[in-house]
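For reference, the structure discussed in these notes is given below.
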Amino acid sequence: MALRPILEYPNPLLKKRAAPVATIGGEVRTLIEDLAETMYAAPGVGLAATQVGVGQRVIVLDVHGEDETPGKRLLKLINPEVAEREGEVVWEEGCLSVPGLTAPVKRARRVLVRAWTPEEREIQVEAEELLAVALQHEIDHLDGRLFLDRLSRLKRDLYRARQKKLERQGRKSGGARPLLI
C-alpha cells in the first residue's frame, strides 16, 4: 500500500471521465488499497481513482460514525453506477481536490448504487443521507465532475479568483478542516 498524491483543482485530469474497469485483478486491488490509505491519511470520507490521476471507475468510502473505528464501514466499489435516486437533500460538502471550499450542494436523499467488489461480486448499496451524498460525490468524480461544478457561477468564480490570488502569493488554501468527501 502507498499514499498517492491527490490532484487539486484546476488539474485537467479531474475533468476527464474515467473508463470502466474491464478486469478486476491485482492492479485494481492495489489501487483500491492505495486509495483507502490515501483517503484515511488526508483525512476524507471518500476518494475516487480520478483524484489520484487514475482514469478508472474505482472509489472508496468510509462514512463511519464518530464512535466507530475507521475501516469498519469501508466500501470498495468498482464501476459504480447510480441506478435509482429519490428525494432531495442539501448537504455542506467539501472535497480533497478542491481545498479551502465548502458549500451546500443539492443531491438525492436516497440512492441505489450498483457496483462490483474487489472479490468480483456484483452488489447493490442502498444509501441515505451522508452515505448517499458521498456516493454521488465520488461517482461525479468518475464522470469528470467536481462539486464545484454544482455551485452557482458566482461561487465558482469567487473560488477561482481566490485560488489564483493564493497562487500568485505562493500559498495554498488552508483554514479549518471540514468533512471532506
Taking side chain as C-beta onward, heavy atoms only, is His141 less than 4.5 Å from Leu146?
-> yes
Hydrophobic cluster membership, Leu131 vs Ile123, 4.5 Å side-chain cutoff | yes
Common cluster, Leu74/Ile6, ILVMFWY with side-chain heavy-atom separation under 4.5 Å | yes
Crowded around Lys16 NZ? As in, over 12 foreign heavy atoms under 6.0 Å?
-> no
Pairs where residues 36-48 contributes a residue and the test salt bridge (charged side-chain N to carboxylate O under 4.0 Å, His left out) is met, not counting sequence neighbours | none
Say whether, by atom type as modelled, one donor and one acceptor occur between the side chain of Gln56 and the main chain of Val21 under 3.5 angstrom.
-> no
Check whether any side-chain heavy atom of Leu151 lies under 4.5 Å from a side-chain heavy atom of Tyr159, and answer yes or no.
-> no
Working to the nearest 0.5 Å, report the span between CG of Leu96 and CE of Met39.
-> 9.5 Å
Test log, rule side chain to side chain contact (heavy atoms under 4.5 Å, CB included), inputs Val133 and Val89 = CA-CA 8 Å; Val133 168; Val89 66; 4.0 Å; yes
Do the side chains of Val111 and Val125 join up, straight or via other hydrophobic residues, at under 4.5 Å, putting them in one cluster?
-> yes
Determine yes or no for a side-chain-to-main-chain donor-acceptor pair under 3.5 angstrom, with Arg29 supplying the side chain and Pro118 the backbone.
-> yes
Test item: Pro104 and Lys155 side chains (from C-beta on) under 4.5 Å apart, heavy atoms = yes
Quick check: does any side chain N or O of Asp157 sit under 3.5 Å from a backbone N or O of Leu154, one acting as donor and the other as acceptor?
-> no
Spacing of Glu93 atom CD and Leu101 atom CG [to the nearest 0.5 Å] = 10.5 Å
Considering all heavy atoms, the nearest Ala41-Leu3 contact | CB-CD2, 3.5 Å
Between Leu130 and Leu77, is there a shared hydrophobic cluster once you connect ILVMFWY residues whose side-chain heavy atoms come closer than 4.5 Å?
-> yes
Reported CD-to-CZ distance for the pair Glu88 and Arg110, which is rounded to 0.5 angstrom | 15.0 Å
Main-chain N/O of Ala18 paired to Thr50 side chain as donor or acceptor, under 3.5 Å | no
Between Arg4 and Val54, does a side chain to side chain contact (heavy atoms under 4.5 Å, CB included) hold up when you go through it step by step?
-> CA-CA 10 Å; Arg4 298 194 185 202; Val54 178; 3.5 Å; yes
I would like to know whether Thr117 and Ile24 meet side chain to side chain contact (heavy atoms under 4.5 Å, CB included); could you show each step before the answer?
-> CA-CA 9 Å; Thr117 68; Ile24 301 171; over 6 Å; no
Evaluation steps, side chain to side chain contact (heavy atoms under 4.5 Å, CB included), between His137 and Phe147 = CA-CA 7 Å; His137 180 107; Phe147 95 103; 3.8 Å; yes
Within a radius of less than 6.0 Å around CD of Glu129, do more than 12 heavy atoms belonging to other residues, nucleotides or ligands occur?
-> yes
Ignoring hydrogens and geometry, is there a side-chain-to-backbone donor-acceptor pair from Ser97 to Leu7 under 3.5 Å?
-> yes
Heavy-atom donor-acceptor pair, Asn11 side chain to Leu13 backbone, under 3.5 Å = yes
Here the pair of heavy atoms bringing Leu31 nearest to Ala49 is CD2-CB, 4.0 Å
Ignoring hydrogens and angles, tell me if any N or O in the side chain of Asp34 forms a donor-acceptor pair with the backbone of Ala2 under 3.5 Å.
-> yes
Enter the distance from Glu138:CD to Asp143:CG here, rounded to the nearest 0.5 Å.
-> 11.5 Å
Check whether any side-chain N or O of Arg162 sits under 3.5 Å from a backbone N or O of Gly100 as a donor-acceptor pair, and report yes or no.
-> yes
Glu92 and Ala103 have their tightest heavy-atom pair at OE2-N, 3.3 Å
Would you find a donor on one side and an acceptor on the other, under 3.5 Å apart, between the side chain of Arg57 and the backbone of Leu142?
-> yes
Provide the closest heavy-atom pair for Ala115 versus Pro80 in the form atom of the first, atom of the second, distance.
-> CB-CA, 3.7 Å
d(Leu35 CG, Gln51 CD) to nearest 0.5 Å is 8.5 Å
Any donor and acceptor pair, going by atom type alone, linking the side chain of Gln136 with main-chain N or O of Ala108 inside 3.5 Å?
-> yes
Derivation of the salt bridge (Lys or Arg N to Asp or Glu O under 4.0 Å) call for Asp62 and Lys76 = CA-CA 9 Å; Asp62 188 351; Lys76 305 170 184 180; over 6 Å; no
Among the clusters formed by ILVMFWY side chains lying less than 4.5 Å apart, do Leu61 and Leu112 turn up in the same one?
-> no
Atom OG1 of Thr38 and atom CG of Leu47: how far apart are they, to the nearest 0.5 Å?
-> 6.5 Å
